[in-house]
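So the structure is just underneath, and the comments pick up after that.
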Amino acid sequence: MSAAKHDLVIPRGEDYNFTLRILDSLDDPVPFLAYVSPTNPVYGKAEIREADRKPLAVAFTIGSIAGASTPTDGTLKFALTDTQTLTLDVNKRYKWDFFWFDAGDPPLQHKLLYGDVAVAANITHLT
């Protein structure tokens, strides 16, 4: 499976989130299972960096819409807080990607998404 390109525009200083629904080749939802435990779920990892292999700028919190103990309908929620987006610079170019970890032992890592990130400035001063 090859990763799909999806660019993001993130408003600086605001909470930012989006949902992602992933279907398999038969158009059935992919059942995302947390691979650590229901109390400490890990569905994957998504990070924003200034450029390839540079230090981490921010990391998304990834959650299941259905909850950690049951398979989902293929939908995950990605979120950044206003504090996290405030650290992003509108004058810098960023990249992001998302790796899904399956529930195998050990879990396999699959790169599903990647892209460029633009940071949008606000007119109102947010601190």
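In this chain, numbering begins with 1 at the start of the sequence shown. Quick caveat: nothing in here was measured; it's all calculated off a predicted structure.
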Can you name the nearest heavy-atom pair linking [X] to [Y], along with the distance?
X	Y	answer
F98	G44	CE1-CA, 4.1 Å
W100	L112	CB-CD1, 3.7 Å
R21	P29	NH2-CG, 3.2 Å
K111	F99	CB-CE2, 3.4 Å
L88	A57	CD2-CB, 4.0 Å

Kindly compute the distance separating [atom1] ([X]) from [atom2] ([Y]), expressed to the nearest 0.5 Å.
X	Y	atom1	atom2	value
K92	K54	NZ	NZ	9.0 Å
I22	D28	CD1	CG	14.0 Å
K77	L20	NZ	CG	13.5 Å
D15	D82	CG	CG	4.5 Å

Sorted by chain and residue number, the side-chain hydrogen bond (donor to acceptor under 3.5 Å, both in side chains) partners of E47 (sequence neighbours excluded) come out as R49
Taken in chain and number order and not counting sequence neighbours, the residues that satisfy salt bridge (charged side-chain N to carboxylate O under 4.0 Å, His left out) with D116 are K5, K95
Using side-chain heavy atoms (C-beta onward) and a distance below 4.5 Å, is [X] in contact with [Y]?
X	Y	value
N17	F60	no
L80	I10	yes
L8	F18	yes
T85	V58	no

ask   = Aromatic rings F78 and W96: how do their planes relate, parallel, tilted or perpendicular, breaks at 30° and 60°?
value = perpendicular
- Message: Between D97 (side chain only) and G115 (backbone N and O only), is there a donor and an acceptor less than 3.5 Å apart?
- Response: no
- Donor-acceptor contact below 3.5 Å, side chain Q84 vs main chain T81: yes
Q. More than 12 non-hydrogen atoms from neighbouring residues, nucleotides or ligands closer than 6.0 Å to CD1 on I123, yes or no?
A. no
